[in-house]
Amino acid sequence: MKSSVLILFLLSIICTASCGHGEEDSFPTFPALPIPETLLLDNLLSFDYYHQRCPQLEQIIHTKLKQWVAKDHTLAASLLRLHFHDCFATGCDASILLNHEGSERRAEASKTLRGFQVIDDIKAEVEKSCPAIVSCTDILTAATRDATVLLGGPYWRVPYGRKDSRISNAKDAEMVPSGRESITTLLELFQSRGLNFIDLVVLSGAHTIGRTSCGAIQHRLYQGLNGTSSMPNPPLDDHYLDFLQRKCRCASGDYVDLDATTPTTFDSQFYANLQKNMGLLSTDQMLYSDPRTSPIVNSLIGTPSLFIHQFSASMVRLANIQVLSGLDEAGEIRTNCNFVNPYNN
């Protein structure tokens, strides 16, 4: 009980986000998410970075994204995943968008990523109004925020000014968690990127939406982490396991919702599923069984609104990982998100 109260206290301190749910027919306005000045100044990021040079940016992103998600609602979750892969590999620099032999995008770990065409479409529209002004990194970051809002999740203000990387290597994609790591490994990975154990639990909550392929969870359905047990480890609810084994027999190309209860709604049900041993990914279920993370999970189950508020704060922290900004010579403003600018070739 004491540990749960402590986690609630910690979350209440970290959760400084004032956020809400987006409107369906217009771009939403909400109170700003307070961000420490050092976070903005250190990286030269700013909320008004594009106010003079591209004032219509956020409206363009919102309008375009709404059109895409209306045609395929699964793209919203795909953009969240794309943003995470971009930031977690070498920092939030749009290196995942570069499309050439040997790039992160062509890596085995990236083969199921989607949403590239959405960013390309938004970028093309932005270039018409503000040529060579807005980075692909900033577009991906804001589009991820808007995708979350469209699914009923929180809104947060995005500071801008990131530049795009000129480099992308396939081997860097292997740094992104695959869903089969131990909690210790995940904590070390997150801490190495300036994130903490609360960020780990809360950002995993993005699995309240989205899907994974049956092929990616065969190990989860038929053997334990050590590859020798015949039963899932960590455990899966018997009825849920039976459903998954029937749906995913022969490692078919079918997809399974990461949240078996409310797969199209951005909510905290994901954590309640873990309580019932219905965590589809091993790493998700272990959040509930590991003593370092289980108190946070229990707090989010007991107070669902905490997840909505803390998700905003953790996403801002994620989007600040190793950004290229200011006069950093390693970055540029790509005119086409798929390729570095010609004069830098």
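Along the sequence shown, residues are numbered consecutively beginning with 1.
- Using a cut-off of 4.0 Å between Lys/Arg side-chain N and Asp/Glu carboxylate O, Arg317 and Asp199 are scored as salt-bridged.
- Side-chain atoms of Asp93 and Ser95 include a donor-acceptor pair closer than 3.5 Å.
- Look at Lys171 and Glu174 and you find no salt bridge, because none of the NZ, NE, NH1 or NH2 atoms lies under 4.0 Å from a carboxylate O.
- Asp237 places a side-chain N or O within donor-acceptor distance of the main-chain N or O of Tyr240, the cut-off being under 3.5 Å.
- Of all heavy-atom pairs between Ala76 and Leu151, the closest is CB-CD1, 3.4 Å.
- Remark: Asp86 does not engage Arg105 in a salt bridge, criterion side-chain N to carboxylate O under 4.0 Å.
- Nearest approach of Leu236 to Gly279, heavy atoms of both residues: CD2-O, 3.5 Å.
- Judged purely by distance below 3.5 Å, without hydrogens or angles, the side chains of Arg114 and Ser78 pair a donor atom with an acceptor atom.
- Arg166 has a carboxylate O that lies under 4.0 Å from a charged side-chain N of Glu332, or vice versa, which qualifies the two as a salt bridge.
- Nearest heavy atoms, Ile217 versus Cys248: CD1-SG, 4.2 Å.
- Salt bridge present: Arg145 and Glu58 bring a charged side-chain N and a carboxylate O closer than 4.0 Å.
- For the pair Arg334 and Phe339, the NZ or CZ position fails the cation-pi test of under 6.0 Å to the six-membered ring centre and within 45 degrees of the ring normal.
- Judged by distance alone, the side chain of Asn341 and the main-chain N or O of Thr335 form a donor-acceptor pair under 3.5 Å.
- Here the OG1 atom belonging to Thr208 is positioned 4.0 Å from the CG atom belonging to Asp267, to the nearest 0.5 angstrom.
- In terms of heavy atoms, Lys123 sits closest to Val134 at NZ-O, 2.6 Å.
- Aromatic ring centres of Phe190 and Phe88 lie closer together than 6.0 Å.
- Residues Asp257 and Arg211 are not paired through a salt bridge, judged by the lack of any N-O separation under 4.0 Å between the basic side chain and the carboxylate.
- Sorted by first and then second residue, the disulfide (SG to SG under 2.5 Å) pairs with a member in residues 137-209 form an empty list; sequence neighbours excluded.
- A side-chain donor-acceptor contact under 3.5 Å links Ser182 and Thr185.
- Applying ring pair (Phe, Tyr, Trp, His ring centres under 6.0 Å) to Phe311 and the options Tyr155, Phe266, Tyr271 leaves one that passes, Phe266.
- Side chains of Thr262 and Asp259: a donor-acceptor N/O pair is present below 3.5 angstrom, by distance only.
- At least one test fails for Arg292 against the ring of Phe197: distance under 6.0 Å to the centre or angle within 45° of the axis.
- For residues 268-309, there are no disulfide (SG to SG under 2.5 Å) pairs, not counting sequence neighbours.
- Between Cys337 and Asp120, the closest heavy-atom pair is CB-OD1, 4.0 Å.
- For Phe270 and Phe307, the distance between ring centers is not under 6.0 angstrom.
- Annotation: cation-pi geometry not satisfied between Arg157 and Tyr160 (NZ/CZ under 6.0 angstrom from ring centroid, within 45° of ring axis).
- Residues Ser282 and Pro234 approach most closely at O-CG, 3.7 Å, considering heavy atoms.
- For residues 78-128, the disulfide (SG to SG under 2.5 Å) pairs, not counting sequence neighbours, are Cys87-Cys92.
- Separation of atoms CG (Leu287) and CG (Asn298) is listed at 11.5 Å; rounding is to 0.5 Å.
- Summarising the geometry, atom CG belonging to Leu200 is positioned 9.5 Å from atom CG belonging to Leu189; distances are rounded to the nearest 0.5 Å.
- Considering CG of Asn336 and CG of Leu98, their distance stands at 9.5 Å, rounded to 0.5 Å.
- One side chain, Gln59 or Thr63, offers a donor N or O that lies under 3.5 Å from an acceptor on the other.
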